[in-house]
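Note on naming: letters A, B, ... go to the chains in the order of the sequence lines (proteins, then strands), and numbering restarts at 1 for each one.
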Amino acid sequence: MQNILLLYCYENIMQEISKNDQELRRIEELNLLEEAGMNAFPYSFDKTHSNRQILQNFSDEDPTPLSEIAVAGRIMSLRRMGKASFCHIQDEDERLQIYFKRDEIPDFYEYLKLLDIGDIIGVNGYAFRTKMGEISVFAKKVTLLTKSTKILPIAKEIVDEEGNKVVFDEFADKELRYRKRYIDLIVNPEIKEVFKKRAIIINEIRNIFNEKGWLEVETPVLQPIYGGASARPFITHHNALDFDLYLRIADELYLKRLIVGGFEAVYEISKNFRNEGMDRMHNPEFTSLELYVAYKDYNWMMETTENLISALCQKVNNSLKAKFGDYEIDFTTPFRRAKMFDLFEQYLGENIRNYSDEELKKVCKKNQVELPQNASRMKILDELFDAAVQPHLIQPTFVIDYPLEMSPLAKSHRTEPGLVERFEMFVAGFELTNAFSELNDPRDQRQRLEEQAKIRAAGDDEAMTLDEDFLNAIEIGMPPTAGLGIGIDRLVMLLTNQKSIRDVIIFPLLRPEK
RNA sequence: GCUUCCUUAGCUCAGUCGGUAGAGCAACUGACUCUUAAUCAGUGGGUCACAGGUUCGAAUCCUGUAGGGAGCACCA
């Protein structure tokens, strides 16, 4: 009788099918299941085991501990036969095979026809091993938990003779994967590992810092004056107060105010926003860690940084070595330390320390580094470093002692005139951290920010703005302080071997769909 | 922002010289009591990204638009 009803409905559907025939059919199946008295969307299900627990704990010698179990998951494959069927259900971690025998579940077996890949079911039964050797669950009772009314782009996998996993019809379209991340997570579940590791990294940073008694704080995202980095901001508007606000580009200036206020170690893990180009290393919103510790300098911060990153690698990869593309990165401490001008000398073959701007431009030309017209000394050095030095910095390297012009918030070097006490850490050819002995001489700080304001007035809209309240805080007096910034997304990329920032940001920015 | 490539069925992709749309998987019907890319037989499914143009005729050639990938520029 059920079959006759089915046939009747299918014919009806087939006539009105145009584009979404598969979806229409699923909705019709849903109706049929409900007409048969089934709740397609019940409220809960008592799961006793995860799929992983079944797979890990099953014992051929003594299967009794898993003789009364309840598992749940999304149907990812379905092999129906006349009197016996198999499917795989996927939970958060694993796929598990379910065996349906008609004689055991005569009432439900008929409804198997109305189930599809994508539906979520709960299964009560016992664990056993099939003749083909796969640990499975013998279904004694099946409960529909959610009917899926859209089609999943399902991939199929086999393991070839050499043990390699081969995926057929992989859901591979990058755009669709980023836009429909929920489908990506279902169909390419291995990407979950990246986001789990991301959470582990961030939690471990908090553990390590909190252990030391450092205070996690939250400073404003909406700021009337932005600063702390060279970047263009996003602008938004407060309606009630009727003024424009900026989304923060860095936490720095607020965190330093807190050090002035008397906190001796503060950190923040938060989103920053920069209104600039996007590529595999840049997303308009990104997560950064900033840490400020009073009475310390950049030498101390270098040790803190290498210990932190080394510990994170160990935690996530169970090793101090991490594979990144073709490289194997070794995070064994101490990391290499190299002065910026020594690196120039090493990779350019000449000592440019005391070169005039004109001489530097000649070096650029010789090395095919193109410069914008009227490039400042800071710009010239920056370009030259990016082109000639940075690509060589594969293993973790602290580049130290930058020219003063490049670092308006860093303290002048204690022995080297014209330089500041700053380090950036490079790995795999890209910048991962930025840190300095923080500038706390208010006269020097005012002068440097006024210089930035001039550069800004001359048309460089990435130069810093003058924040009088920040200067006021520095005038009140900030103790000697070491500061650190780490790009968390890039750190996750490094430690999880992902080549694009979009693969470590779970919902990366895309243009809106039309 | 620039360069370049891509967009065909739910997914992955073919589509020759411009002649009116193909495969595998997914789906549907039937068979099948340990399958696993299940198998076997049969069936349905297309605004060829969008808009123009050339042509007797366009998935195919031309122009524009949209979205995306890769690279460059800027930046972290």
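In terms of polar N and O atoms assigned as donor or acceptor, the side chain of A/D279 comes within less than 3.5 Å of the base of B/rC74 in a complementary pairing. Side-chain atoms of A/E134 and base atoms of B/rU35 include no donor and acceptor less than 3.5 Å apart.
Rounded to a whole Å, the CD atom of A/Q22 is 7 Å from the P atom of B/rA27. Distance, A/E276 CD to B/rA76 C1': 9 Å, rounded to whole Å. Rounding to whole angstrom units, CD of residue A/E175 and C1' of B/rA49 are separated by 10 Å. Rounding to whole angstrom units, CD1 of residue A/I117 and P of B/rC28 are separated by 9 Å. A/D119 has its CG atom 11 Å from the P atom of B/rA27, to the nearest Å. At whole-Å resolution of the value, CD in A/Q390 and C1' in B/rC74 are 13 Å apart.
Comparing the C1' positions of B/rC6 and B/rU12 gives a spacing of 15 Å, expressed to the nearest Å.
Between A/R25 and B/rC28 there is a side-chain N or O to OP1 or OP2 distance below 4.0 Å. The phosphate of B/rC34 has neither OP1 nor OP2 within less than 4.0 Å of any side-chain N or O from A/R129. Distances shorter than 4.0 Å separate some side-chain N or O of A/R79 from OP1 or OP2 on B/rA38.
Both stacking criteria are satisfied for A/F286 over the base of B/rA76: a centre-to-centre distance under 5.5 angstrom and an angle between ring planes under 30 degrees.
Between A/E421 and A/K411 there is no salt bridge, since no side-chain N of the basic residue sits under 4.0 Å from a carboxylate O of the acidic one. Look at A/D184 and A/R179 and you find no salt bridge, because none of the NZ, NE, NH1 or NH2 atoms lies under 4.0 Å from a carboxylate O.
Pair assignment for B/rC72 gives B/rG1, based on Watson-Crick or G-U wobble hydrogen-bonding distances that are each under 3.5 Å. Figure legend. B/rU39 is base-paired to B/rA31; pairs are counted as Watson-Crick or G-U wobble with both atom distances under 3.5 Å.
Looking at heavy-atom distances under 4.0 Å, A/S77 makes no contact with the nucleic acid at all.
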